[in-house]
2 protein chains.
Amino acid sequence: MTLPRLKRSTLGDDVYDTLRSAVLEHTLQPGDRVNIDGLARELEVSPTPVREALARLESEGLVRKRPLAGYTVSPLLTRAEFNDMFEMRLLLECAAARWAATRATAAQRSELVTEATRTIAGGDDRQWHAAFTALDAHLHDLIATASGSPLLRDSIARLHAHLHLHRRYFPYAQTAVTNDEHQDIAAAIERADPEAAETAMRVHLTRARERHLVAFQE
Amino acid sequence: MTLPRLKRSTLGDDVYDTLRSAVLEHTLQPGDRVNIDGLARELEVSPTPVREALARLESEGLVRKRPLAGYTVSPLLTRAEFNDMFEMRLLLECAAARWAATRATAAQRSELVTEATRTIAGGDDRQWHAAFTALDAHLHDLIATASGSPLLRDSIARLHAHLHLHRRYFPYAQTAVTNDEHQDIAAAIERADPEAAETAMRVHLTRARERHLVAFQE
DNA sequence: GGTTCGTAGATCCTATAGGATCTTTCCTGG
DNA sequence: CCAGGAAAGATCCTATAGGATCTACGAACC
């Protein structure tokens, strides 16, 4: 019999979750100054837990700290940083796909296939895109988890936080193609074909990179 | 004219550095409970900056937090975690060596060769081993930096913190071989041969893994 | 007009205090 | 002797207050 972990949470953790979401959903926009006291008043807590949450967010790179001058939300990726991120994604996520193909459990494989074939229901444009992005993130996380390497999963998760931030600013439209690519990856992993899984992931990421590159055209 | 960044530091940052060193040098041992108030008294600061430092260290995985019950220093790697770490090292550091071979600056190449040929001067056994470990960490960081990918370097740095923790507990003796392997890598990078650099790194890490494995024999 | 200086306001950082929770110890009952 | 429970102590977490630093604005000077 397994009971649900009863949650003994602290305010610091709650503030962290709230702030993290606020940054990712760009309620707090890149470059914005983060007023500790103001935020504390708004969340109806004291500055102490807010500081603790900010310290953690800084370690993840979502905010930057300037000593004695406060925190600011991390700016959007430069073109160089964007390229670096996709090189890292190629390195990490291709490995994740390869490993997942040989190590994933049966349950993970079937969940992966199910999620890859899911489509997003209607809603307004903005809402729909948010849901699509969430699904995409979830899928990549499933693969990272199925790789069986906690460290690999953690590294990928860190990257995706920044990717998410970028994506919210530059939505793109070709989601049907993305879905097809996802299904290719899922299928390869499902039939335990590491070579195909890695290749499918490489294709997917390479194309995704192209799709996102329009953000840097001026 | 470039002036040295004048340091406007906060107590939180100082405490962070001190605590991080304490964990890495196992002044604070794995599994130890971290008494916030006690630490604050010892460092002669208030608990507030100590909490901030601990929040950051937790994000890096050097300490663990149990809500309402304090922090503990992260335990040593299990055998599974150790294997996971070396799989990640193979993935990340081989890529770093490959990229460094094509992208490193001239200054980086020469520094790498210099450092790889350096030997550790005497001192007592413990001291000597600490110096050797530091040199090894520095060398791997040089390669990670020379890869030209800040994200890759950061990921590798995170891994090495845990590796360092493990190593301080299970020193091994075959340092001469290690030096040779380092020189092989440095030479390959110096002559801009990515294939050889990756291979040399792979050989080095595979053998290093074997050398460290004795820690798990009972 | 542009630059430098000085002041006022806002913000950050640290210390302290008290309520809430956990841990340990001791005691009681079986 | 062992299990269960209660109370005391230690520890954690949050709020508040005040000193220190930064930022912004306006005046004086070149």
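Excluded from the calculations below are hydrogen atoms, water molecules and symmetry mates; all remaining heavy atoms, backbone and side chain alike, are included. Note on naming: letters A, B, ... go to the chains in the order of the sequence lines (proteins, then strands), and numbering restarts at 1 for each one.
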Can you list every pair that meets ring pair (Phe, Tyr, Trp, His ring centres under 6.0 Å) and has a residue in [range], with sequence neighbours left out?
range	result
residues 90-112 of chain A	none
residues 42-83 of chain B	B:Phe82-B:Phe86, B:Phe82-B:His166, B:Phe82-B:Phe216
residues 13-34 of chain B	B:His26-B:Tyr169

Looking at residues at least two apart in the chain, or sitting in another chain, which of them share a side chain to side chain contact (heavy atoms under 4.5 Å, CB included) with B:Ala22?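 B:Ala22 satisfies side chain to side chain contact (heavy atoms under 4.5 Å, CB included) with B:Thr27, B:Leu28 only.
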Under 4.0 Å protein heavy-atom contact, by nucleotide of nucleotides 11-17 of chain D - B base, S sugar-phosphate only: SBSBBB-
Among all residues two or more places apart in sequence or in another chain, which pass the side-chain hydrogen bond (donor to acceptor under 3.5 Å, both in side chains) test with A:Glu58?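 Not a single residue meets the side-chain hydrogen bond (donor to acceptor under 3.5 Å, both in side chains) criterion with A:Glu58.
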